[in-house]
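This is a predicted model, so every value here is computed, not measured.
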Amino acid sequence: MGKLQNFICGIHAATNNDYLGRMLDRKPECMEVARRFDREYWDGDRRYGYGGYRYDGRWKAVAERLIDVYELKSGSKVLDVGCGKAHLLYELSKILPSLECVGFDISEYALQNAPEEFKGQLLKFPAECTYPFEDKAFDLVLSLATLHNLKTFDLAKALQEIQRVGKQAYVMLDSYRNPAELFNLQCWTLTLETAFDPNEWRWFFDIVGYSGDYEFIFSVIQI
């Protein structure tokens, strides 16, 4: 099994979420809207998702660490599974302009609103299907906050495909360590399908044969 990483937790911990407020705000209806992954999810009202997913520079430090940890260099190939608007790929390419970046997502809206210079490197494709790439085609395969949105049987396929096409891999997933974090997670998330604690995630990695790196983010109690 790979290593537990800490690239995203600092960014995630800085957010302030009204967990109970979302649960009480006609959440089942909001979930139906969010799961279309269209404009409402990305740039609509906060009750349906991000409430405006505009780039604010937060991925620069993450990109720098990824390049350092995974020893990416000119000509390295990176795939982002569930790339959204490709903000992370954008930062990676700014630091290493000769990096070969590819991303895919199921959201046509997100892909259409990615940086203009990236649109030729992005495709609409589901994470749980056989990827249209050769074995070990990429030096690094990333997937941030995407795989937990899959049902467990689809999640298994996605992890196996990430393992297959990547020489190295890193995935970031929602998780919980105690009942309070599980409650917060269930209140807040609109698109989550699979909720495991860290030990369950590691067990699942072993079962499906995923040996890449991973990171968990938690819906902590905020005072």
Side-chain angles (χ1 to χ4, degrees), residues 1-2 5 7-8 35-39 41-42 53 59 62-63 66-67 69-173 191-194 201 204-215:
M1 186 181 297
Q5 298 290 359
F7 300 127
I8 311 295
R35 291 177 183 211
R36 298 199 297 259
F37 297 102
D38 58 12
R39 190 198 72 82
Y41 175 75
W42 296 97
Y53 193 74
W59 295 110
V62 176
L66 288 170
I67 289 169
V69 169
Y70 296 108
E71 299 181 336
L72 302 177
K73 55 187 182 297
S74 296
S76 292
K77 297 181 179 180
V78 177
L79 171 65
D80 189 345
V81 175
C83 64
K85 293 186 180 182
H87 292 163
L88 179 55
L89 291 179
Y90 174 73
E91 279 294 354
L92 287 167
S93 68
K94 280 177 61 179
I95 299 168
L96 281 177
S98 58
L99 203 65
E100 294 186 35
C101 294
V102 178
F104 63 75
D105 201 282
I106 61 169
S107 172
E108 186 171 345
Y109 176 85
L111 298 174
Q112 289 175 345
N113 287 273
E116 193 66 35
E117 61 268 34
F118 261 100
K119 291 184 179 178
Q121 299 160 256
L122 307 176
L123 64 151
K124 185 178 180 182
F125 195 83
E128 67 271 21
C129 293
T130 301
Y131 300 169
F133 308 112
E134 299 294 328
D135 294 357
K136 306 305 176 189
F138 296 92
D139 296 286
L140 176 64
V141 181
L142 309 165
S143 186
L144 279 62
T146 293
L147 300 184
H148 50 236
N149 295 328
L150 302 176
K151 294 185 182 298
T152 306
F153 47 82
D154 287 331
L155 171 61
K157 175 65 173 179
L159 284 168
Q160 289 164 351
E161 281 299 286
I162 288 170
Q163 179 80 21
R164 180 182 68 81
V165 303
K167 298 172 186 175
Q168 303 178 95
Y170 159 74
V171 299
M172 183 268 278
L173 304 148
T191 57
L192 184 77
E193 289 284 359
T194 301
W201 275 118
F204 192 74
F205 294 157
D206 283 341
I207 291 296
V208 303
Y210 174 75
S211 61
D213 291 350
Y214 54 93
E215 181 174 0

Find the distance between [atom1] ([X]) and [atom2] ([Y]) and round it off to the nearest 0.5 Å.
| X | Y | atom1 | atom2 | answer |
| --- | --- | --- | --- | --- |
| K73 | L99 | NZ | CG | 10.5 Å |
| I8 | L173 | CD1 | CG | 11.5 Å |
| Q160 | E128 | CD | CD | 13.0 Å |
| H148 | T191 | NE2 | OG1 | 6.0 Å |
| L159 | I207 | CG | CD1 | 12.5 Å |

| message | Using the rule given for side chain to side chain contact (heavy atoms under 4.5 Å, CB included), can you reason through I162 versus L147, listing the C-alpha separation, both sets of side-chain angles and the distance that settles it, and then say yes or no? | response | CA-CA 11 Å; I162 288 170; L147 300 184; 3.9 Å; yes
Closest heavy-atom pair and its distance - [X], [Y]:
| X | Y | answer |
| --- | --- | --- |
| S107 | W42 | OG-NE1, 3.1 Å |
| W59 | E91 | C-CG, 3.9 Å |
| C83 | L89 | CB-CD1, 4.4 Å |
| S74 | L96 | N-CD2, 4.4 Å |
| L150 | A158 | CD1-CB, 3.8 Å |
| R164 | Y131 | NH2-O, 3.0 Å |

In short, salt bridge (Lys or Arg N to Asp or Glu O under 4.0 Å) pairs touching residues 98-108 with sequence neighbours left out are E108-K124
Here the salt bridge (Lys or Arg N to Asp or Glu O under 4.0 Å) pairs for residues 144-155, sequence neighbours left out, are K151-E193
Salt bridge (Lys or Arg N to Asp or Glu O under 4.0 Å) filter on D213, not counting sequence neighbours, yields none
Taken in chain and number order and not counting sequence neighbours, the residues that satisfy salt bridge (Lys or Arg N to Asp or Glu O under 4.0 Å) with R36 are D38
Non-hydrogen side-chain atoms of [X] and [Y] separated by less than 4.5 Å:
| X | Y | answer |
| --- | --- | --- |
| W201 | T194 | yes |
| Y170 | V69 | no |
| L142 | L92 | yes |

Please enumerate all residues that pass side-chain hydrogen bond (donor to acceptor under 3.5 Å, both in side chains) together with [X], with sequence neighbours excluded.
| X | answer |
| --- | --- |
| K157 | T130 |
| N113 | none |
| S93 | none |
| Y210 | none |

Contacts of type ring pair (Phe, Tyr, Trp, His ring centres under 6.0 Å), residue [X], not counting sequence neighbours:
| X | answer |
| --- | --- |
| Y214 | F205, F216 |
| Y90 | none |
| F37 | Y41 |

Q) So does D139 pair up with K167, basic N to acidic O under 4.0 Å? A) yes
Checklist line | Geometric class of the F133/F104 ring pair [parallel <30°, tilted 30-60°, perpendicular >60°] | finding: parallel
(request) Any chance you could lay out the side chain to side chain contact (heavy atoms under 4.5 Å, CB included) test for L66 and L88, step after step, and finish with the verdict? (result) CA-CA 10 Å; L66 288 170; L88 179 55; 4.0 Å; yes
Under 3.5 Å, is there a donor-acceptor pair between the side chain of [X] and the main chain of [Y]?
| X | Y | answer |
| --- | --- | --- |
| E215 | F7 | yes |
| S143 | T146 | no |
| K136 | Q163 | yes |

Can I get a per-line list of side-chain donor-acceptor pairs under 3.5 Å for residues 115-123, giving both atom names and the distance, sequence neighbours left out?
residue, atom, partner, partner atom, Å
E116, OE1, K119, NZ, 3.2
K119, NZ, Q112, O, 2.8
Q121, NE2, C101, O, 2.7

